[in-house]
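Following: one structure in structure tokens, then a few remarks.
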There are 2 protein chains.
Amino acid sequence: MPPATAPDTIAPPGHIETGPRGHIEKRLSIIDAAACVFCREGYGGTNIDMIAAQANVSRQTVYNHHGDKEKLFRAVVREVTERINAGLFDTLATFPDRPTDLEADLAAFAVRLTRNCICNRDGKFLRKLIQSEGERYPELFADWRVNGPAKVWSALAARFARLALSGHLDLDDPDLAARQFLALINADLQTAMLLGDDIGDEFLESSARQAVRTFLRAYGKRA
Amino acid sequence: MPPATAPDTIAPPGHIETGPRGHIEKRLSIIDAAACVFCREGYGGTNIDMIAAQANVSRQTVYNHHGDKEKLFRAVVREVTERINAGLFDTLATFPDRPTDLEADLAAFAVRLTRNCICNRDGKFLRKLIQSEGERYPELFADWRVNGPAKVWSALAARFARLALSGHLDLDDPDLAARQFLALINADLQTAMLLGDDIGDEFLESSARQAVRTFLRAYGKRA
DNA sequence: GACAATTTGGACAAGAGCGTCCAAAAATAT
DNA sequence: ATATTTTTGGACGCTCTTGTCCAAATTGTC
């Protein structure tokens, strides 16, 4: 018997679909492969055979597990956004609330942020995806839209506000500072990422150092 | 007789193709429509009929003028990059070399830059395109890669260096300052643009003001 | 080893899209 | 008005893609 195909019924919001009980490793390897190919070729340019090949799986298996090209796409987006969000808040939790060396601590945090959330595979995928399919599938990213950048900003802003209160920073608009911090962090990476270059660690670090240095020139406590 | 189709021979570099002598208005309207549809749907998701419809032209006419989907795509990219480059250097020429009110002048310049080069249709198109097709057609953007951001950075860096010499700024790395200036300029726009929102003028202006304010906090002459 | 679930590969119909051909209509030039 | 160029729309062949069906092979379980 072929495995139950993806159910027509829509899972209640918030409930995580258990999915058909095919071997889960295949299920994930398909999602991974699909993410890879969708990212490289775009939704329109992707065909199921590419995904099957990339996942080392027969085409039928792809259909067995995910039922539909669009369903597969949605599954991929869901998976990636979940991973990204998780990683993002994990990293945010490592913010230096009680810094010993503010500049070094902030730079290290910036490196973690860029490496684990922005420059990795998922980050690249999500960025690319939102830009290329965001207008065509607005519902798909509605969630990201409210839970993505806004949440990160405010979380980061809260940290900066505390650093201001504890006398480490001198700023009046923590939200603005948070946005500009992120912008500075990305300054050097933006262009490199646009073309899909892989980014070395030392580049990441020097980039973070320069960003933090400028950030502190603007918002640091004047001695 | 049907108009001569796009020549197979590759035009010598630097030479601007005269192209088949079809009515030029149609030629341009097709390019414009194609840019619009390619931008919305991606290369793979676009079909010639959409473009023909958007341009109010029969499908055959599209083929008469540009011969091929890929040739058309290349023509569109060439057109857009040329327009972008032209606009970019036009705007760069308005940099406040002898500022009366540094903060206000820089902010006005930033508004011009964002409005005329980054947030307009061509800017959005090029960005989206480079991100979605940059890895698949690296040759297409090889030119942009060396003539695009690098040139803008160095041009801007030269201006900042002069402002430093004339005592308006306090910086040691003009290139870095240029990149960070651009990053700050884009800080607030990035997210709004990702989803294709149209951006109001007052948002553009307040965004530029805040960016310049922070930039000057970091690089301004300390009184 | 026997049994069930899963995967595989190949064949298939239906449809979409590309690019071509062509003769009739419209626009433009002479 | 006449000749030339451009545009049009429709029909066509071709290829690629989707999604389905199914019988055989593989894998995992008891």
Side-chain angles (χ1 to χ4, degrees), chain A residues 1-8 17-34 36-76 133 136-137, chain B residues 1-8 17-34 36-76 133 136-137:
Chain A
M1 206 216 296
T5 170
D8 301 342
E17 233 176 282
T18 65
R21 55 223 165 289
H23 277 183
I24 300 176
E25 48 171 57
K26 296 243 173 205
R27 193 178 177 72
L28 279 199
S29 107
I30 291 172
I31 294 251
D32 258 39
C36 184
V37 179
F38 276 134
C39 183
R40 199 175 55 238
E41 311 284 341
Y43 182 81
T46 295
N47 65 339
I48 307 288
D49 294 287
M50 297 182 194
I51 296 175
Q54 174 94 14
N56 278 318
V57 145
S58 87
R59 188 178 40 162
Q60 185 59 45
T61 302
V62 178
Y63 281 105
N64 284 344
H65 277 282
H66 299 98
D68 201 339
K69 186 179 177 182
E70 190 173 322
K71 282 208 194 79
L72 172 57
F73 184 66
R74 288 176 188 277
V76 169
E133 323 282 355
R136 205 143 28 113
Y137 297 96
Chain B
M1 207 219 294
T5 170
D8 300 341
E17 234 176 284
T18 65
R21 54 224 168 288
H23 277 184
I24 299 175
E25 47 172 55
K26 295 242 175 205
R27 195 178 175 73
L28 279 198
S29 106
I30 291 173
I31 295 252
D32 257 39
C36 185
V37 179
F38 276 134
C39 183
R40 200 175 55 238
E41 311 285 341
Y43 182 81
T46 295
N47 65 335
I48 307 288
D49 294 287
M50 295 183 194
I51 296 175
Q54 175 93 14
N56 279 319
V57 144
S58 86
R59 189 180 38 159
Q60 184 59 44
T61 301
V62 178
Y63 281 104
N64 285 345
H65 277 283
H66 299 98
D68 201 339
K69 187 179 177 182
E70 191 173 322
K71 283 208 193 78
L72 172 57
F73 183 66
R74 288 175 188 277
V76 169
E133 322 282 353
R136 205 142 29 111
Y137 296 96

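Proteins come first, then strands; the chains are lettered A, B, ... in the order of their sequence lines, and each starts at number 1. Predicted, not measured: the structure shown is a model, and the values here were computed from it.
For the pair Lys71(A) and Tyr63(A), the cation does not sit on the ring face, since its NZ or CZ is not both under 6.0 Å from the ring centre and inside 45° of the axis.
Atom OH of Tyr43(A) and atom C1' of dT18(D) are 10 Å apart (whole Å). What separates CZ of Phe38(A) from C1' of dT17(D) is a distance of 13 Å, to the nearest Å. Distance, Glu41(A) CD to dC16(D) P: 16 Å, rounded to whole Å. At whole-Å resolution of the value, CG in Leu72(A) and P in dT18(D) are 11 Å apart. Taking atom CZ on Arg27(A) and atom C1' on dT7(C), their separation rounds to 15 Å, with Å as the unit. Rounded to whole angstrom, the span from the NZ atom of Lys71(A) across to the C1' atom of dT18(D) amounts to 13 Å. Atom P of nucleotide dT17(D) and atom CD of Glu70(A) are separated by 19 Å, given to the nearest angstrom. Atoms CD1 (Ile48(A)) and P (dG9(C)) sit 17 Å apart, rounded to a whole Å.
Residues Leu72(A) and Lys69(A) form no side-chain contact, since every pair of their non-hydrogen atoms from C-beta on lies 4.5 Å or further apart. You'll find the side chain of Leu28(B) stays beyond 4.5 Å of the side chain of Asp32(B), heavy atoms only. Counting heavy atoms from C-beta outward, Glu133(B) and Phe38(B) have side chains that stay 4.5 Å or more apart.
Regarding contacts with the backbone of dT6(C), every side-chain N or O of His65(A) stays at 4.0 angstrom or more from both OP1 and OP2. Taking 4.0 angstrom as the limit, Lys26(A) places none of its side-chain polar atoms (N or O) nearer than this to OP1 or OP2 of dA5(C). Dashed line: the shortest gap from a side-chain N or O of Thr61(A) to OP1 or OP2 of dT7(C) is not under 4.0 Å.
Nearest-nucleotide positions on DNA chain D for Gln60(A) and Gly45(A) put Gly45(A) closer to the 5' end. DNA chain D is contacted by both Ser58(B) and Asn47(A); Ser58(B) maps to the nucleotide lying nearer its 5′ end (nearest heavy atom per residue).
Candidate nucleotides dG19(D), dT20(C), dG17(C) were compared by shortest atom distance to the side chain of Arg59(A), and dG19(D) ranks first. Distance from the side chain of Asp68(A) is smallest to dG19(D) among dT8(D), dG19(D), dG19(C). You'll find that the side chain of Tyr63(B) is closest to dT20(C), out of dT20(C), dT18(D), dT8(D).
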Working note: Val76(B) + His66(B), criterion side chain to side chain contact (heavy atoms under 4.5 Å, CB included); need CA distance, chi angles, decisive distance, verdict.
CA-CA 10 Å; Val76(B) 169; His66(B) 299 98; over 6 Å; no
